[in-house]
Amino acid sequence: MLFWSLVSAVAAGLAGFLGRKLLKLSSVQASAAIALLAGVTLPQLSSEGAYLAAVCTCASYAAMSSEKMVYTPLQMAGVSGLCGLIAYVGRDCLVGVGGRLGTYAAAAVLIFAGGMRAGEQLQLLRGGSMQQ
Amino acid sequence: MNWRGVIMVIPASVAVWQVLQQPLGWRRGVVVGLLALLMALGIKDSVRKERCAAKRAGVMLTTAFAAAGGALATYVLAQYTPLGSIAASGVVGLGAAYVLRRSDLSTAAYAGAFVGMSSPAVLSSLPVVAIAGLVTGVLYETLDGIFDGVGGRLGTMAAIAVLVTLLAAGGGWS
């Protein structure tokens, strides 16, 4: 289940990202189109379809991030994978509360931003110790 | 971090608290702790220091009504048609992006659509959904500049609005 959660999240996140970049869709259009597509098709395909549709929708919200925050497809894939992981871990949290998928998406983007910041700090530290 | 930033962390904090209520092994505990630490770093970078100009009451009212409209439309589609909440939010989002394309209200309406994804066990009637939608619109304008560019911020606002409405109504969810 975690595997399919990650796969569907990465696919949906990249679809949203590329939809905005290549098709020039607005963030709302791209996310809503993915939500509609996932919400209509995935529940028909398997018993876990409803859960996977929620994961795809969560990743589509993360794909609404600005270019300043997430600017390459690889970064988007990373953020989407985090969405899939968080949606899996938090599947029993905030049940029935509207906005919970958006909360998970925001958490994934913020964790990614924090990771990038931590990486930059580590590189600075490493560079400083090399100079000494 | 100012009070507006603190408000945005409420739903994630509730979710983390609920995760910690489940039996966690030490490995999962370390992973959750590490992710929480990275998230705190990300939050620190994503909160703009300066405050945005105060919004006019008219602008706030229009945004609140757009969000309430999105919430009600999604809730009705999700509960009274076979679409389900996810596809319903997609329909409302696409509709808002088309109908409100000449204004900035499509984003507010989409934020409201997330409120409408709530289950009837949480938001049990249309008036309650409308109130949560109105709260989302007010938050949308009040929290301008907080988590700008972070995907999921609209959903976070919707979750705050739903939780606040639940608290105000004296309810909860199981």
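None of the values given here were measured: they were computed from a predicted structure. A, B, ... follow the sequence lines: proteins, then strands. Residue 1 opens every chain.
If you chain together hydrophobic residues whose side chains sit under 4.5 Å apart, Leu143(B) and Val135(B) fall into the same group. Both Leu42(A) and Leu6(A) belong to a common hydrophobic cluster when Ile, Leu, Val, Met, Phe, Trp and Tyr are linked at side-chain heavy-atom distances under 4.5 angstrom. Using a 4.5 Å cut-off between side-chain heavy atoms of Ile, Leu, Val, Met, Phe, Trp and Tyr, with links allowed through other members, Leu37(B) and Ile43(B) fall into different hydrophobic clusters. Both Met116(A) and Leu35(B) are assigned to one and the same hydrophobic cluster, defined by single-linkage of ILVMFWY side chains at heavy-atom distances under 4.5 Å. The hydrophobic cluster containing Leu82(A) also contains Leu38(B), counting ILVMFWY residues as joined when their side-chain heavy atoms lie under 4.5 angstrom apart, directly or transitively.
A 6.0 Å sphere centred on CG of Leu22(A) holds more than 12 heavy atoms belonging to other residues, nucleotides or ligands. Counting non-hydrogen atoms of other residues, nucleotides and ligands closer than 6.0 Å to CD of Gln121(A) gives a total above 12.
Closest heavy-atom contact between Gln22(B) and Asp92(A): NE2-CB, 3.8 Å. The shortest heavy-atom contact between Met69(A) and Val150(B) is CE-CG2, 3.4 Å. The two residues Ser118(B) and Val97(A) have their closest heavy-atom pair at OG-C, 4.0 Å. Closest heavy-atom contact between Cys93(A) and Val19(B): SG-CG2, 3.4 Å. The minimum heavy-atom distance between Met39(B) and Ile111(A), with the atom names listed, is CB-CG1, 3.7 Å. Residues Val109(A) and Gly151(B) approach most closely at CG2-O, 3.7 Å, considering heavy atoms.
Rounded to the nearest 0.5 angstrom, Leu41(B) CG and Leu110(A) CG are separated by 10.5 Å. Going from atom OG1 of Thr107(B) over to atom CE of Met64(A) covers 6.5 Å, rounded to the nearest 0.5 Å. Between atom CD1 of residue Ile34(A) and atom CD1 of residue Ile86(B) there is a gap of 12.5 Å, rounded to the nearest 0.5 Å. In this structure, the separation between OG1 on Thr103(A) and CE on Met157(B) is 11.0 Å, given to the nearest 0.5 Å.
At a 4.5 Å heavy-atom cutoff, the contact between Ala54(A) and chain B is made by backbone and side-chain atoms alike. The part of Leu154(B) that comes within reach of chain A is its side chain, from C-beta onward, which places non-hydrogen atoms under 4.5 angstrom from that chain. Residue Phe112(A) does not touch chain B at all, counting heavy-atom pairs closer than 4.5 Å. Neither the backbone nor the side chain of Gln21(B) comes within contact range of chain A, judged by heavy atoms closer than 4.5 Å. If you measure heavy-atom distances from Val162(B) to chain A, the contacts under 4.5 Å come from the side chain alone.
Gln29(A) places no side-chain N or O within 3.5 Å of a backbone atom of Ala97(B) that could act as its donor or acceptor partner.
For chain B, the option among Ser65(A), Gly39(A), Ala108(A) with the highest count of heavy-atom pairs below 4.5 Å is Ser65(A). Most heavy-atom pairs under 4.5 Å with chain B: of the set Leu25(A), Val70(A), Val28(A), this distinction falls to Val28(A). If you tally non-hydrogen atom pairs under 4.5 Å between each of Ala40(B), Ala158(B), Ala87(B), Ala96(B) and chain A, the highest count goes to Ala87(B). With chain B as the partner, the residue from Ala106(A), Ala105(A), Ala63(A) showing the most heavy-atom pairs under 4.5 Å is Ala106(A).
No side-chain N or O of Ser27(A) forms a donor-acceptor pair with one of Tyr110(B) less than 3.5 Å apart.
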